[in-house]
Structure formats: C-alpha cells, structure tokens
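So the structure is just underneath, and the comments pick up after that.
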Amino acid sequence: MYRCVALKSLEKNLKETDEEDIVNILKNMDIRLTNDGKVCLDDKDVSNEIRTMEVTRRVSKISSIIPLRLVMEEKQREMATKGNIVMEGRDITTVIFPDAKYKFYIDASIEDRANRRYKQNLEKGIESNLEEIKKSLEQRDYDDINRPLGALKRTSDQHYIDNGKNTIEESVNEIIRIVGEE
C-alpha cells in the first residue's frame with residue numbers, strides 16, 4: 001500500500017517533503033488487492049510498477065510521514081472488516097493489529113532478500129541492479145527500525161520464521177503447522 005502511494009507521488013512529481021499533498025493522495029486513492037495477487041491502484045494493475053527501483057528508493061521515506069501512517073492505519077483496518085485477511089507489513093502485528101490471533105515475523109538475510117528481489121524483477125522484465133537493491137534494502141531496514149511511529153520490531157508473541165533458505169512451500173507449511181498447533 002505504501003508502494004502505491006510512492007508510485008502515485010512520483011507520477012504527480014511530488015517531492016518527499018510535500019507531506020500534505022502525499023497524505024491527500026492516499027485519502028483520494030483506491031488500493032485493491034486481488035485474489036490472484038495483483039495490486040490495483042485506482043482500477044489499474046500496478047503490480048510491476050510498484051516494484052521499480054524508483055518506487056523502492058522512495059517508499060521508506062514516504063512511509064515515515066506520520067500523518068500518512070495514521071491514515072494508512074485506518075485504511076488497513078478497514079480492509080480487515082471485509083472478511084478474513086492475511087496481511088503483511090513491517091508494523092502489522094505491532095501497530096495495526098496488535099491483537100491478531102496469529103502473528104509471524106518472517107525474516108531473511110539482506111543477501112537472500114536482495115537476490116530474490118533481483119530475480120523477481122528479472123522475471124517481470126524490470127531493470128535492476130543487485131548491489132543497488134541490496135543497498136536499498138539495508139537503508140529501508142535502518143529507516144524502518146529507527147522510525148518514531150510504526151517501527152519494525154520483533155515481539156515475544158510473534159512466531160519467528162527465517163525463510164532465507166526455504167522455498168515458498170516450506171515457509172507456508174511452517175505457518176500451517178504453527179496455526180494447526182494452536
């Protein structure tokens with residue numbers, strides 16, 4: 001969702017410091033996640049556009065805008081009122097849904113994450129550079145851990161899963177195993 005705001009702010013040629021205009025973008029946009037994994041912004045599939053390096057460089061700064069985070073919290077909670085939902089994000093189980101029944105902190109090394117993103121980008125035809133992706137991820141982690149509101153952090157009630165070497169299926173099976181035990 002933050003990537004959609006970053007994309008729209010780039011399309012409107014806004015600076016990262018144009019906080020009021022960026023918050024208004026979110027208030028006036030429709031973000032929809034489809035059952036087949038697409039991200040739609042105002043009825044347009046932007047699944048690939050939100051993964052470009054330009055958006056990736058901007059998203060952490062955008063997500064640090066406190067008034068934007070407050071509006072985003074409302075939108076994310078509203079999404080959950082429409083039925084059962086699986087949601088991911090860096091503050092989903094600490095800020096947005098602190099009372100969620102199941103909480104997972106899914107992690108992987110910077111190298112594993114950078115390699116995955118690079119491979120995904122290649123498969124989607126998105127031009128990218130592995131070292132630039134790695135640096136971007138490191139900066140985003142630093143920014144998100146040190147953000148004053150909605151910081152990335154692990155808590156004792158989250159199930160930790162290191163999926164750095166796991167396949168998608170192995171990570172999903174671990175989650176299913178944990179849910180089945182509770």
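Keep in mind that the numbers below use all heavy atoms, side chains included, and drop hydrogens, waters and symmetry copies. All residue numbers refer to positions in the sequence shown, counting from 1.
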Practice task
Might you work through the side chain to side chain donor-acceptor pair (under 3.5 Å) test for Ser60 and Asp144, ending with a clear yes or no?
Solution key: CA-CA 7 Å; Ser60 188; Asp144 290 353; 3.2 Å; yes
Handout entry: Asp45/Arg32 salt bridge by N-O under 4.0 Å criterion
Key = no
Handout entry: Candidate pair Asn115 and Leu130, rule side-chain contact (heavy atoms from CB on, under 4.5 Å), full reasoning
Key = CA-CA 7 Å; Asn115 283 323; Leu130 183 59; 3.5 Å; yes
Handout entry: Co-membership, hydrophobic cluster, residues Ile133 and Ile126, 4.5 Å side-chain
Key = no
Problem - Short N-O contact, Asp107 and Arg154, less than 4.0 angstrom - result: no
Exercise for the section: For the pair Leu41 and Met29, evaluate side-chain contact (heavy atoms from CB on, under 4.5 Å) and give the outcome as yes or no after the intermediate values. Expected result: CA-CA 7 Å; Leu41 172 57; Met29 68 194 301; 2.8 Å; yes
Exercise for the section: Go through the steps to decide whether Ser136 and Arg117 satisfy the test side chain to side chain donor-acceptor pair (under 3.5 Å), and finish with yes or no. Expected result: CA-CA 11 Å; Ser136 175; Arg117 178 62 49 85; over 6 Å; no
Exercise for the section: May I ask you to check whether Asp112 and Ser109 show a side-chain donor-acceptor distance below 3.5 Å? Expected result: yes
Practice task
Apply the test side-chain contact (heavy atoms from CB on, under 4.5 Å) to residues Asp42 and Lys8: give CA-CA distance (whole Å), side-chain angles for both, the deciding distance (0.1 Å), then the verdict.
Solution key: CA-CA 10 Å; Asp42 298 330; Lys8 195 76 150 186; 2.7 Å; yes
Exercise for the section: Flag yes if Met87 and Ile106 sit in one hydrophobic cluster, no otherwise; membership is Ile, Leu, Val, Met, Phe, Trp, Tyr, and two members link when side-chain heavy atoms are under 4.5 Å apart. Expected result: no
Problem - Contact check, side chains of Met1 and Met72, non-hydrogen atoms, under 4.5 Å - result: yes
Problem - Pair Lys44 + Glu49, salt bridge at N-O below 4.0 Å - result: yes
Completion exercise
Contacts of Asp36 meeting salt bridge (Lys or Arg N to Asp or Glu O under 4.0 Å) (sequence neighbours excluded), chain-then-number -> Lys38
Handout entry: Ile62 side, atom CD1; Glu16 side, atom CD - distance, nearest 0.5 Å
Key = 6.0 Å
Practice task
Please determine which of Ile31, Val55, Leu7 meets the side-chain contact (heavy atoms from CB on, under 4.5 Å) test together with Val46.
Solution key: Leu7
Problem - More than 12 heavy atoms from other groups under 6.0 Å of CD on Glu20 - result: no
Problem - Side-chain ion pair, Arg77 and Glu73, N-O less than 4.0 Å - result: yes
Practice task
Flag the pair Val172 / Thr167 as yes when at least one side-chain heavy-atom distance between them is below 4.5 Å, and no otherwise.
Solution key: no
Problem - Greater than 12 external heavy atoms within 6.0 Å of Lys61's NZ - result: no
Exercise for the section: Please examine the side chains of Val179 and Phe104, heavy atoms only from C-beta on, and report whether any two atoms are closer than 4.5 Å. Expected result: yes
Problem - Pair Ser63, Arg147: side-chain N/O donor-acceptor within cut-off below 3.5 Å - result: yes
Exercise for the section: For residues Asn121 and Asn48, determine if any side-chain heavy atom of one lies less than 4.5 Å from a side-chain heavy atom of the other. Expected result: no
Problem - Ion pair Arg90/Asp141, N-O distance below 4.0 Å - result: yes
Practice task
Please tell me if the side chains of Lys135 and Gln139 come closer than 4.5 Å, counting only heavy atoms from C-beta onward.
Solution key: no
Practice task
Indicate, with yes or no, if Val71 and Val5 share a hydrophobic cluster defined by side-chain heavy-atom contacts under 4.5 Å among Ile, Leu, Val, Met, Phe, Trp and Tyr.
Solution key: yes
Problem - Salt-bridge present (Arg177, Glu174; N to O < 4.0 Å) - result: yes
Fill in the blank from the handout: Here the gap from Ile176 atom CD1 to Glu181 atom CD, rounded to the nearest 0.5 Å, amounts to 12.5 Å
Problem - Arg116/Asn163 under side-chain contact (heavy atoms from CB on, under 4.5 Å): CA gap, chis, key distance, verdict - result: CA-CA 11 Å; Arg116 284 180 183 169; Asn163 77 348; 3.3 Å; yes
Practice task
Check whether any side-chain heavy atom of Leu149 lies under 4.5 Å from a side-chain heavy atom of Leu70, and answer yes or no.
Solution key: yes
Practice task
Run the salt-bridge test on Asp91 and Arg69 with the 4.0 Å N-O cut-off and return the result as yes or no.
Solution key: yes
